[in-house]
Protein chains: 4
Amino acid sequence: MTGADQTPRATPRRPPRKRPDAAARRQAILDAALAVFAEKGFAGARMEDVARRAGTAKGTLYLHFKDKAALFEGLVRTAADPVLGMMEAQVAQFPGSTRDLLVLLFARLHGEIICTPRRHIVRLLIGEGERFPELADFYFRTVVARGQDLLRAINARALARGEITSDAALRFPQLIIGPFLTAVIWIDLFERSEPLDAEAMLAAHIDVVLRGLGWRDEGVGA
Amino acid sequence: MTGADQTPRATPRRPPRKRPDAAARRQAILDAALAVFAEKGFAGARMEDVARRAGTAKGTLYLHFKDKAALFEGLVRTAADPVLGMMEAQVAQFPGSTRDLLVLLFARLHGEIICTPRRHIVRLLIGEGERFPELADFYFRTVVARGQDLLRAINARALARGEITSDAALRFPQLIIGPFLTAVIWIDLFERSEPLDAEAMLAAHIDVVLRGLGWRDEGVGA
Amino acid sequence: MTGADQTPRATPRRPPRKRPDAAARRQAILDAALAVFAEKGFAGARMEDVARRAGTAKGTLYLHFKDKAALFEGLVRTAADPVLGMMEAQVAQFPGSTRDLLVLLFARLHGEIICTPRRHIVRLLIGEGERFPELADFYFRTVVARGQDLLRAINARALARGEITSDAALRFPQLIIGPFLTAVIWIDLFERSEPLDAEAMLAAHIDVVLRGLGWRDEGVGA
Amino acid sequence: MTGADQTPRATPRRPPRKRPDAAARRQAILDAALAVFAEKGFAGARMEDVARRAGTAKGTLYLHFKDKAALFEGLVRTAADPVLGMMEAQVAQFPGSTRDLLVLLFARLHGEIICTPRRHIVRLLIGEGERFPELADFYFRTVVARGQDLLRAINARALARGEITSDAALRFPQLIIGPFLTAVIWIDLFERSEPLDAEAMLAAHIDVVLRGLGWRDEGVGA
DNA sequence: GATGAATGAGCATTCATTCAT
DNA sequence: GATGAATGAATGCTCATTCAT
């Protein structure tokens, strides 16, 4: 701790344009790709636009992703994972009622997906999924299946706690997630025609679906 | 300056041209378009494939539809209308309980859309909608808005008859239709990964949502 | 919606790409375009032929010119300017008699245009001009108007010097340039039917038109 | 002369749409073709437009002309001939001075061509001539060569009568016709940029060129 | 003869991908 | 590693021409 502390005191003659490390570069590309794919769809997106938006040259894209499809896959791969991971963690150790848990989770879905460019990924996948079967499979495994497990766990817990009586959503977790999907789609396609208060809708959904599953405020044992 | 202007051109020939009336021809094109668009998406669909599948020459397509987008629009335009019309008629004069009505309608949606290539149209629209705002608007006006009116009418009737107590689905018809949308998407994207018994799911949905809206078997007056 | 959007596309290869600088490339394209347009007319010219002749790929054309029309315009734009500039310079500082000046200028027109593929540009413009009004306007401004100014200046000088007495060609410079145009057209259309000694014709024209304007060898003051 | 005279007293139930005989039909097609070709050029003209304008179906065009090129040729063939014939007749028996003859002929060229859609034919031929060598040859034989003969005859007569002294225009009839061509082109391309008083220009041309050829009012012998 | 629906060759243009620099 | 000029396969659309009616 004695000598000079000038460690990062480089000697840059030219503007200290620190070469962003590969990871940052890659993320910039993914961000750009999300924006462009979201606006134009997979086929309509031009690699050149992605490059320009990412602030790189076209060729650079190919240093990070084998081709356009790989870029799309990278997008899907990276976008959903963190949100889901966060939610899984929360469910695992949530102490409160299932209602509160659902409220929390839907708030997350709203804040992290519906209100975010990420929602486009959902729509993109719906649109292009059949053309990229492997991608759909990948998405199923890494996102959908995990989401289902999560919802099933929640339902199982609620049943076990006597909060609900129906196993309908255990058998069909789609009943829980359906309105969320609908909201995502609506925002992108019909918001202009008829605005949707997604937050209010999801709140109503929680009320309806919980009641529909036989909700009792305190659980049977309470 | 698209297309050619060269001088000595083409020279048609052989196939014994018959003339099915224009309407039949048009329908054949629409059928072919549905198949091709469904498989490849809008951008991926080649007009030549549509033509071949319709049993016509490429040029013939353009006698019926101004361009590829118009063909897509024609598809959307013609596919949804009949189903919706049928459902509107049924709702207007349905004598029984709202539960029976919903069962009937979802059976129709299942039989006429989910089990039919028509379901692809829903998915296509979701995927391409943002790129064709007019088409999304058109779809909203001719399909979505009508569907919403229908669902609202059903909910209003159920409330009036004392069958349900919540107006949640009156405010958000999306709660009713959400699981149907989810089923449509699931079938196309994830059926291979995990089959879905859509019929059972929709039955469960009716149970849950009606109960969630405060269902009483006979209505208050019973 | 022109052009394709398919997914797995092209795969360039072989030819050992060198990089002549952009200007040379552009000039090669213009040269090729002149040849092809001259032979086939605007509509009949195929971009592919231009590319092949320029030794580039089709796509390269579009790196230099927005579309076929822009290529045509580029042709017109670059071809006339140098010749005219040269002539303007000469007129501005020509010391000798107007007759000698005209002889010199027509010699230039003969050598630089009639005997050159550039003459095709004149003919092309005549043929396509009405279809490209902006191009005709551009040509008028950058070539025709300048040419007229030049001819008017010459006539004014000749009148001032007392070499001629008539202002007919001051009012109608077309009288001076008409036979040149006729020669250009003749060479392209009728040379095969009846050869024309353009040089001799233009010499005769100078004689006739100067005499017709009241030529006096030394000017009034002589 | 006894019996009824009701020969053309057909029994038309439907509107007496007398079938225009083939010649009228053909002329209608040619008129339409002139209009369309003039506006769009050869390549840009669509047979369908010609048909619509002629009030016939597309197929009918092919009953009168083998193909598009034949239609174009028919146009050129029929348009120039009458004017030229008229002029030949006039020259053959014109009693007055050569100046008066030229005034008369240029008046005709102005009235029958410059002020008429026929002027477009001249321009079309210039533009497309190289692509239709046979047509250019045909035009040369039936129009240009005859025109030259006519001009040579006039010059020879004028020389013989001592009205002029130069044989320049005998050797190069183009000197006489050049400004007319220039006017035709100008009207189509540049009229918008700078209007041209073609009549005045041609009058000036006659003055200049006759004086340039050594004009003497009465001829030597007078 | 007249019609116009059908045909399909032909071309302008785009854009994913490569690779010399 | 980064660049972006060059490539050329791929496809939407046009329109001269035919021929069944």
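Everything numeric in this text was worked out from a predicted model, so none of it was measured. Lettering of chains follows the sequences in order, A, B, ..., and the numbering in each one begins at 1.
When base pairs are accepted only as Watson-Crick or G-U wobble with both N-N or N-O distances under 3.5 Å, DNA chain E takes part in stems of 3 or more pairs at E:2-21 with F:2-21.
Distance from the side chain of D:Ala57 is smallest for E:dG4 among the nucleotides F:dT17, F:dT11, E:dG4. Residue C:Arg25 has its side chain nearest to F:dT7 when only F:dT7, E:dA6, F:dA2 are considered. Taking only side-chain atoms of B:Arg46, from C-beta outward, the nucleotide of E:dA2, F:dG12, E:dT17 with the closest atom is F:dG12.
Every residue meeting the side chain to side chain contact (heavy atoms under 4.5 Å, CB included) condition with A:Asp67, not counting sequence neighbours, appears here in chain and number order: A:Ala69, A:Ala70. For D:His120, the side chain to side chain donor-acceptor pair (under 3.5 Å) partners at least two apart in sequence or on another chain are D:Arg123, D:Asp188. Every salt bridge (Lys or Arg N to Asp or Glu O under 4.0 Å) that D:Asp137 has, sequence neighbours left out, goes to C:Arg192. Scored by the salt bridge (Lys or Arg N to Asp or Glu O under 4.0 Å) test, A:Arg26 finds no partners at all (sequence neighbours excluded). Under the side chain to side chain contact (heavy atoms under 4.5 Å, CB included) criterion, B:Leu75 pairs with B:Leu30, B:Ala33, B:Leu34, B:Phe37, B:Phe72, B:Ile121, sequence neighbours left out.
Separating the CD atom of B:Glu48 from the C1' atom of F:dC13 is a distance of 12 Å, rounded to the nearest angstrom.
Residues from residues 58-66 of chain B placing a heavy atom under 4.0 Å of any atom in DNA chain E, listed by number, are B:Lys58, B:Gly59, B:Thr60, B:Leu63, B:His64.
Counting any heavy atom pair closer than 4.0 Å across all strands shown, B:Ala51 reaches no nucleic acid atom.
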C:Met47 and C:Leu71: CA distance, side-chain angles, deciding distance, side chain to side chain contact (heavy atoms under 4.5 Å, CB included) verdict: CA-CA 10 Å; C:Met47 291 300 267; C:Leu71 177 55; 4.1 Å; yes
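Both C:Met47 and D:Thr56 lie close to DNA chain E; mapped to their nearest nucleotides by heavy-atom distance, the more 5′-ward contact belongs to D:Thr56. If B:Asp67 and C:Gly55 are placed on DNA chain F by their nearest nucleotide, the residue sitting closer to the 5' end is C:Gly55.
Among pairs with a residue in residues 47-63 of chain C, those fulfilling side chain to side chain donor-acceptor pair (under 3.5 Å) read C:Arg46-C:Asp49, C:Asp49-C:Arg52, at least two apart in sequence or across chains.
At a threshold of 4.5 Å between non-hydrogen side-chain atoms, the residues D:His64 and D:Arg25 count as touching.
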